[in-house]
Amino acid sequence: VLVIIALSMILVGGGENFAAAGQPKPLTAQVERGLDWLLKHQQENGGWAQGEESEAMGNALDNLKDKPNIADTCMALLALVRSGSTPKDGPYAANIRKGLNFICREIEASDAQSLYITSIRGTRIQMKIGTYIDTFLAANVLTDVRDQMPDEQSHKRILAALDKVMDKIESNQRADGTWDNQGWATDLAQNMATKSLNKAAQLGYAVD
C-alpha cells in the first residue's frame, strides 16, 4: 500500500488542475522501478492485493494478503494512469484495462442500494481509512478513464459502473454531508468521497 500511495503522490503532478498541464517530465528511474513492482504484483484477475503485514502487527490479516480488492487496485491504477498511460494507449494500457475489468466485475455484482461495491470485508485500508473507501476510490478512477476507453463497448461498461457507484454515493450521503464510515482516519474517506463528486462535476458528469 505504501508503495502505491507514494507512486500516486509522486505522479499526481497538477492533478487538481484540469486545464492543460504542459509537457510532463520524464519518469525517474525510482518511479520506473516502482511501476515495474506494481506490474509484477498484478494478479491474473486484474486486481491487486494488500500484501503482508509487518511482523509487529501480527498475522490477523493473513487471509487477505493475497486476495485482490478494489481499493488497492484503484490506487495501483491511479499510479499507472498518472504515469501517462490510458486504457487505450501507453505502455501500461493492457494492465489498466485488466484492472478496470476487475473493478467493473465487483461493481456489477454489488447490490443497488448500499454503499458497498464489493463483498470483500475487513481489508487493511477499510479498517484504517474507512469502510467504504473502495467505493470512493472507484468513483475517482472511473471518472478519470471514462472517456479514454479503447472501444464503445468498454466505454459503455465504464459508464454503467460509474453511474451505479455515483448513485450509491449520492443516495447514501447523510443530511450533514458525511457518509457512514468506520476506521482510524475517516476524514480521509470523507475527503475522497467529496473529491470524487467534485472531479466528476468538473469533468461534465451530472452530479446532484
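Note that these values count all heavy atoms, side chains included, but never hydrogens, waters or copies made by symmetry.
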Rounded distance [0.5 Å steps], [atom1] in [X] versus [atom2] in [Y]:
{"X": "Ile158", "Y": "Leu142", "atom1": "CD1", "atom2": "CG", "answer": "5.0 Å"}
{"X": "Ile70", "Y": "Thr135", "atom1": "CD1", "atom2": "OG1", "answer": "7.0 Å"}
{"X": "Gln182", "Y": "Tyr132", "atom1": "CD", "atom2": "OH", "answer": "8.5 Å"}
{"X": "Thr123", "Y": "Arg121", "atom1": "OG1", "atom2": "CZ", "answer": "10.0 Å"}
{"X": "His41", "Y": "Leu39", "atom1": "NE2", "atom2": "CG", "answer": "11.0 Å"}
{"X": "Gln30", "Y": "Glu32", "atom1": "CD", "atom2": "CD", "answer": "10.5 Å"}

Do [X] and [Y] come within less than 4.5 Å of each other through their side chains, counting heavy atoms only?
{"X": "Ile103", "Y": "Cys74", "value": "yes"}
{"X": "Arg82", "Y": "Asp144", "value": "yes"}
{"X": "Leu197", "Y": "Ile169", "value": "yes"}
{"X": "Glu106", "Y": "Asp134", "value": "no"}
{"X": "Leu203", "Y": "Asp147", "value": "no"}
{"X": "Thr118", "Y": "Asn69", "value": "no"}
{"X": "Val81", "Y": "Tyr92", "value": "no"}
{"X": "Ile133", "Y": "Leu188", "value": "no"}

Exercise for review: May I ask you to check whether over 12 heavy atoms, not counting those of Asp208, lie within 6.0 Å of atom CG?
Suggested key: no
Practice item. Check the pair Gln148 / Ile96 against side chain to side chain contact (heavy atoms under 4.5 Å, CB included), numbers first and verdict last. Key: CA-CA 11 Å; Gln148 300 178 342; Ile96 293 171; over 6 Å; no
Point to revise | Trace of the salt bridge (charged side-chain N to carboxylate O under 4.0 Å, His left out) decision for Asp151 with Arg157 | key: CA-CA 10 Å; Asp151 53 62; Arg157 190 183 189 195; over 6 Å; no
Considering non-hydrogen atoms only, spot the tightest contact between [X] and [Y] and give its length.
{"X": "Ala139", "Y": "Leu162", "answer": "O-CD1, 4.0 Å"}
{"X": "Ser114", "Y": "Lys168", "answer": "O-NZ, 2.7 Å"}
{"X": "Ala79", "Y": "Leu38", "answer": "CB-CD1, 3.9 Å"}
{"X": "Ala189", "Y": "Ile129", "answer": "CB-O, 3.3 Å"}
{"X": "Gln43", "Y": "Pro68", "answer": "OE1-CG, 3.3 Å"}
{"X": "Glu170", "Y": "Ala206", "answer": "OE2-O, 4.3 Å"}

**Study point:** Stepwise side-chain hydrogen bond (donor to acceptor under 3.5 Å, both in side chains) test for Asn172 and Tyr116
**Key:** CA-CA 10 Å; Asn172 285 282; Tyr116 284 113; over 6 Å; no
Point to revise | Trace of the side chain to side chain contact (heavy atoms under 4.5 Å, CB included) decision for Tyr205 with Arg146 | key: CA-CA 10 Å; Tyr205 189 88; Arg146 68 171 192 152; 3.7 Å; yes
Using a 3.5 Å distance criterion without hydrogens, assess whether the side chain of [X] forms a donor-acceptor pair with backbone atoms of [Y].
{"X": "Arg97", "Y": "Pro150", "result": "no"}
{"X": "Lys164", "Y": "Ser110", "result": "yes"}
{"X": "Gln126", "Y": "Ile120", "result": "yes"}
{"X": "Lys128", "Y": "Trp184", "result": "no"}
{"X": "Gln190", "Y": "Gly177", "result": "yes"}

Check your understanding: Can you check side chain to side chain contact (heavy atoms under 4.5 Å, CB included) on Thr86 and Val145, steps first, answer last?
Key -> CA-CA 7 Å; Thr86 73; Val145 304; over 6 Å; no
Point to revise | Under the side chain to side chain contact (heavy atoms under 4.5 Å, CB included) test, residues paired with Ala193 that sit two or more places apart | key: Phe136, Trp179
Review point. Linking I/L/V/M/F/W/Y whenever their side-chain heavy atoms sit closer than 4.5 Å, directly or via other members, would Ile107 and Leu159 fall into one cluster?
Key: no
Review point. Out of Thr194, Asn140, Thr143, which residue meets the side-chain hydrogen bond (donor to acceptor under 3.5 Å, both in side chains) rule with Lys199?
Key: Asn140
